[in-house]
Amino acid sequence: MNLRVAKAYRYYIIAFILLLTGFFLLHNLLNDYNELEKQKIDRQLRRAHTDAMVRAKAGIEVYASLVSSLKSYTKNAKEFPTEIEFQKYLNDFLKEINFNDSIIVNYIDINHVFKYVITPKEIDPSNLRGTSVKNIRDHKRITELNELMVSNDIKLLTPINLREGWAGFPFNFSAKNSKGEILGYITPILNVKYLLDYFYENNNEDLYIHKFLINETVDLTREAYYNNSPIFNTTKDNQYYKNFDIHNNDFIYSSINLFGLKLKIGSAYKNKPLIHTRIFNMTYLWYSIISLLSFLALFQYFKNERLNKNLLNANNSITSKNKELELNLLKIKTLIKEIHHRIRNNMVFISGILSMQEREYQDENVIKALSDSRTRIESMSLVHEKLYNNESLIDIKLKEYLINLIDYVEGTIKHDSIKLTRGINIDEDLIFDPETTSYLGLIVNELLTNSFKHAFKSDRNNSIFINVEEKDKGYLLIYSDNGQNEFKKTHSNKRSLGLSLIQILTEQMRGTVTYPDSIEGNFYITFKAIKPI
């Protein structure tokens, strides 16, 4: 076994030990995460349960204030109140506590005969006056009521299902006159639903279910009390816990002492949140993939180490070749610059010849034609001048080129008495290929020459405006001057060489030329770069 193979085996063993250690650490972290998620789910349930208990205790305080007030009213009245007086007092008190749910107040004498029954809106709605409680309640309840009449306490007996169609909490306290004589007892019965609704506030019915037990065993819902007594309410509580498949161990419990009656409340999830195993499966899967990739990377490392030695030799050879290519490229760039320089010189030479020929003729038309040709050649020669002075040899900044062109035209044909103001709105970094730039230079040359010859006057301020901007997947050139341009007016019915040249060059750039019928020197030229930028 050579040294390189021994080194590879050693690294494989170290990688295996590290990955195995990492697996055990990852496994412990996932177990901790699982436990934290369980605790989070339990805390959320306990928080909801506690909030519901707090709201319920607030409702109990309303119950307590109502019942205590009724007892105080009967005790402190000079004469024991009539049913009309009791009803009026009840309604006045209900306005104060905003209690607008069902309530029945019964006044029963010492013989357990109904003296009167009132609700906030009716008197004796069920015709119970003169009826004996002994006919509707068992002996055990009658015994409790006898004990209550001699007591000073308010006592809450087990809930009852009323014939009126709802379940009620029967509060009871002794009825005495101002002399302390026992007249019987008062039984205000308050709607169970009012209290239990506190557990379903905050729109949590979709998340939690609640269980209500009286004396640990008997079920109570918002609509009925399940103690084998007749149930007169046809409405069922759709939140009754037995409607759901929830195990008893999933409930958490608390108890409320409600005027001597023990109300046990349990809360549970309707659908207990699951700790998704997807996280665990994905984690183990990714760790397996990472482990596999680690071994593959180690294998690739040793393979690359061998290849690198071969590549190093090849790289040295390529470096040598690159140096030769860079030297050849420099020579080519130099040669191209020389070509552009010579083209520029030839154009300057031609421009000089045309300039000399201008002086040999007297005919103004010939002189004008030679002058126009000379400026057009000079416009093209500026492109080559920019190229052989440009590092890239392929792109020219349009704004810089047009400024140089305007300088040349202005220096060539402008009279000293003409004052010119320029407005050039072109992005500093806008670049076109040489051919597009040359066409734009010739167009601007024609337009600018036209402005000097036909629009500018020595007795006023003269100005030009050149704008180039992107528009509709192409570009828009706007040229305007502030003179009354005779160029368009005199050539509106015939095509001059200048306009023909502008039209031909624009068509070469797949564009259009528009110049409105007004005599102002406004031109709108759309175009596209011959070679896309």
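Everything quoted here is computed from the prediction, not taken from an experiment. No hydrogens, no waters, no symmetry mates; every other heavy atom, side chains included, goes into these values. Throughout, residue positions are numbered sequentially from 1 according to the sequence presented.
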- prompt: So does Arg422 have more than 12 non-hydrogen atoms from other groups sitting under 6.0 Å from CZ?
  reply: yes
Residues that Glu428 engages under side-chain contact (heavy atoms from CB on, under 4.5 Å), provided they are two or more places apart: Lys399
[X] side-chain N/O to [Y] backbone N/O, donor-acceptor pair under 3.5 Å:
| X | Y | result |
| --- | --- | --- |
| Asp481 | Ser451 | no |
| Thr436 | Phe432 | no |
| Asn28 | Phe24 | yes |
| Asn243 | Gln239 | no |

query: By salt bridge (charged side-chain N to carboxylate O under 4.0 Å, His left out), which residues pair with Asp427, not counting sequence neighbours?
result: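 Asp427: no salt bridge (charged side-chain N to carboxylate O under 4.0 Å, His left out) contacts found.
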query: Which of parallel (below 30°), tilted (30 to 60°) and perpendicular (above 60°) describes Tyr475 and Phe527?
result: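 Judged by the thresholds at 30° and 60°, the geometry between Tyr475 and Phe527 is parallel.
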message: Parallel, tilted or perpendicular, judged at 30° and 60°: which one describes the rings of Tyr200 and His210?
response: perpendicular
message: Between Asn248 and Lys211, is there a side-chain donor-acceptor contact under 3.5 Å, judged purely by atom types and distance?
response: yes
field: Derivation of the ring pair (Phe, Tyr, Trp, His ring centres under 6.0 Å) call for Phe212 and Tyr241
entry: CA-CA 9 Å; Phe212 307 98; Tyr241 75 95; 9.1 Å; no
message: As a quick check of understanding, evaluate side chain to side chain contact (heavy atoms under 4.5 Å, CB included) for Ile403 and Ile406, giving each step before the final call.
response: CA-CA 5 Å; Ile403 289 174; Ile406 294 170; 5.6 Å; no
task: Would you mind checking if Asp237 and Lys193 are paired as a salt bridge, meaning a charged N to carboxylate O distance below 4.0 Å?
output: no
message: Do Arg222 and Tyr240 form a cation-pi contact, if we require the NZ or CZ to be under 6.0 Å from the six-membered ring centre and within 45 degrees of the ring's axis?
response: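 Checked: cation-pi criterion not met.
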field: Axial cation check for Tyr253 ring with Lys264, 6.0 Å and 45° limits
entry: yes
message: Measuring centre to centre across the rings, with the benzene-like ring taken for any Trp, is Tyr479 within less than 6.0 Å of Phe465?
response: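 No, too far apart.
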- request: Test salt bridge (Lys or Arg N to Asp or Glu O under 4.0 Å) on Glu223 and Lys236 and set out the steps.
  value: CA-CA 6 Å; Glu223 307 296 346; Lys236 304 298 181 183; over 6 Å; no
